[in-house]
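Nothing fancy with the numbering, it's 1 onward along the sequence.
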Amino acid sequence: MSSPPSLERRWSLTARLAWRFAVMTSVIVLLYAAGSTYLLFDALRDDLHNFFEHESLELANLIEGTDGSPAELQRAVDALAAVADEPPCAFRVRDGSGAVLASAGRKALLQDYPGVVPETDRPVGLQLLQRTVFAHSKPLPARGLRVEVLADSRSMRETLRGYLRSALLVFLVSVPLAAIFGHMTARRGL
C-alpha cells in the first residue's frame with residue numbers, strides 16, 4: 001500500500017515560489033488599480049466641480065450685464081445654454097422666493113431636478129457612481145437672485161465604470177499568468 005503524498009511533496013519549492021509570485025503580482029495589480037481608480041475618480045470629480053464653478057460664474061457675469069427683467073434674464077440663460085454642451089447641462093435663475101425666472105438647456109435635466117438647488121460643492125464619496133444629475137447653485141446677493149447649473153454625469157460615470165471593468169479584467173488575467181510564469185521561472189531556476 002502506498003502512502004498518500006506528503007504535504008511537502010505537493011507543495012514543492014517550485015509550487016510555493018510560483019504561488020508567492022502570483023500573490024505578490026495580484027497584490028501589486030490591485031494596489032495599482034485602486035490607486036489609479038482613485039486618481040481617475042478625483043479627476044472626474046474635479047472636472048465636474050470646475051465645470052460648475054466656471055458655468056455659474058459665466059452665468060452670473062451675463063446676468064450682471066442685464067437690467068434684471070425676466071426677458072433679459074432668459075436671453076442671458078439662452079446665450080449660455082447655446083454654447084455649453086459638454087457635459088449635457090441646463091441653467092436656471094431663481095428669485096429670492098425660489099420662483100424660476102429663466103431656464104434653458106436640457107429639458108430632461110430641468111424636469112429631473114425641479115426643486116431649489118442648495119449651495120453645493122464637490123460630489124463626495126461614491127456619488128459619482130450613483131447619481132445621474134448633479135447641481136450647483138450660486139447666490140447673487142446684489143441682485144437677489146440665485147443661479148443654478150445642472151449637469152448630466154452619465155458620461156463620467158460610464159468612464160469610471162469602464163475603467164473599473166478594465167482593471168478587473170487585467171486583474172483576472174494577470175493572476176493566472178503570474179502563476180504560470182512564476183512556476184516556469186522557479187522550475188528553471190531550481
K.L.:
I need the Arg75 CZ to Ile63 CD1 distance, nearest 0.5 Å.
P.N.:
13.5 Å
K.L.:
Report whether Val29 and Trp19 are members of the same hydrophobic cluster (ILVMFWY, side-chain heavy atoms less than 4.5 Å apart, transitive linking).
P.N.:
no
K.L.:
Which heavy atom of Gln74 sits nearest to which heavy atom of Leu101, and what is that distance?
P.N.:
OE1-O, 4.4 Å
K.L.:
How far apart are the closest heavy atoms of Ala33 and Ser36, and which atoms are they?
P.N.:
O-OG, 3.3 Å
K.L.:
I'd like to know if Arg45 pairs up with Asp42 as an ion pair, taking the criterion as any Lys NZ or Arg NE/NH1/NH2 lying under 4.0 Å from an Asp or Glu carboxylate oxygen.
P.N.:
yes
K.L.:
Under 4.5 Å between side-chain heavy atoms, counting indirect links through other Ile/Leu/Val/Met/Phe/Trp/Tyr residues: same cluster for Leu164 and Leu39 or not?
P.N.:
no
K.L.:
Should Thr66 and Arg143 count as side-chain neighbours, where that means a heavy-atom distance under 4.5 Å?
P.N.:
yes
K.L.:
To the closest 0.5 Å, what do you measure between CD (Glu55) and CG (Leu150)?
P.N.:
12.0 Å
K.L.:
Going only through I, L, V, M, F, W and Y residues with side-chain contacts under 4.5 Å, is there a path from Leu73 to Val100?
P.N.:
no
K.L.:
Side-chain contact test, heavy atoms from C-beta onward, threshold under 4.5 Å: evaluate it for Leu57 versus Asn61 and give yes or no.
P.N.:
yes
K.L.:
Name the orientation class of the two ring planes belonging to His49 and His136 (parallel below 30°, tilted from 30 to 60°, perpendicular beyond 60°).
P.N.:
perpendicular
K.L.:
Within this structure, what is the CD-CG distance for the pair Gln111 and Leu109, rounded to the nearest 0.5 Å?
P.N.:
9.5 Å
K.L.:
Could you tell me the separation between the CG atom of Leu110 and the CZ atom of Arg92, rounded to the nearest 0.5 Å?
P.N.:
5.5 Å
K.L.:
Do you know which two heavy atoms are closest between Asp78 and Ser103, and how far apart they sit?
P.N.:
OD1-O, 4.3 Å
K.L.:
Please find the pair of heavy atoms, one from Ala81 and one from Phe91, that lie closest to each other, and give the distance.
P.N.:
CA-CE1, 3.7 Å
K.L.:
Do Val173 and Val170 have side chains that get closer than 4.5 Å, going by heavy atoms?
P.N.:
no
K.L.:
Find out whether Ser56 and Val147 are in side-chain contact, i.e. whether some heavy atom of one side chain is under 4.5 Å from a heavy atom of the other.
P.N.:
yes
K.L.:
Let me confirm one number: the CG-CD distance from Leu145 to Glu64, rounded to the nearest 0.5 Å.
P.N.:
9.0 Å
K.L.:
Which pair of heavy atoms, one from Val77 and one from Val93, lies closest together, and at what distance?
P.N.:
CG2-CG2, 3.5 Å
K.L.:
Within the structure provided, determine whether Leu169 and Arg165 are in side-chain contact (heavy-atom separation under 4.5 Å).
P.N.:
no
K.L.:
For Ala151 and Leu48, which heavy atoms make the closest approach, and how far apart are they?
P.N.:
CB-CD1, 4.2 Å
K.L.:
Verify the neighbour count for atom CZ of Arg94: are there more than 12 heavy atoms of other residues, nucleotides or ligands below 6.0 Å?
P.N.:
yes
K.L.:
Do Leu140 and Leu80 sit in the same hydrophobic cluster, where Ile, Leu, Val, Met, Phe, Trp and Tyr count as joined when their side-chain heavy atoms come under 4.5 Å apart?
P.N.:
yes
K.L.:
With heavy-atom distances below 4.5 Å as the criterion, would you say the side chains of Thr37 and Tyr163 are in contact?
P.N.:
yes
K.L.:
With rounding to the nearest 0.5 Å, note down the distance linking CG in Leu44 to CZ in Arg157.
P.N.:
12.5 Å
K.L.:
Quick one: are Glu86 and Ser155 in side-chain contact, heavy atoms under 4.5 Å?
P.N.:
yes
K.L.:
Is it true that a side-chain atom of Ser153 and a backbone atom of Met156 form a donor plus acceptor pair closer than 3.5 Å?
P.N.:
no
K.L.:
Could you check whether any side-chain heavy atom of Thr25 comes within less than 4.5 Å of a side-chain heavy atom of Val175, counting everything from C-beta outward?
P.N.:
no
K.L.:
Is it possible for you to say whether Val83 and Phe52 belong to one hydrophobic cluster, with membership spreading through side-chain heavy-atom contacts below 4.5 Å?
P.N.:
yes
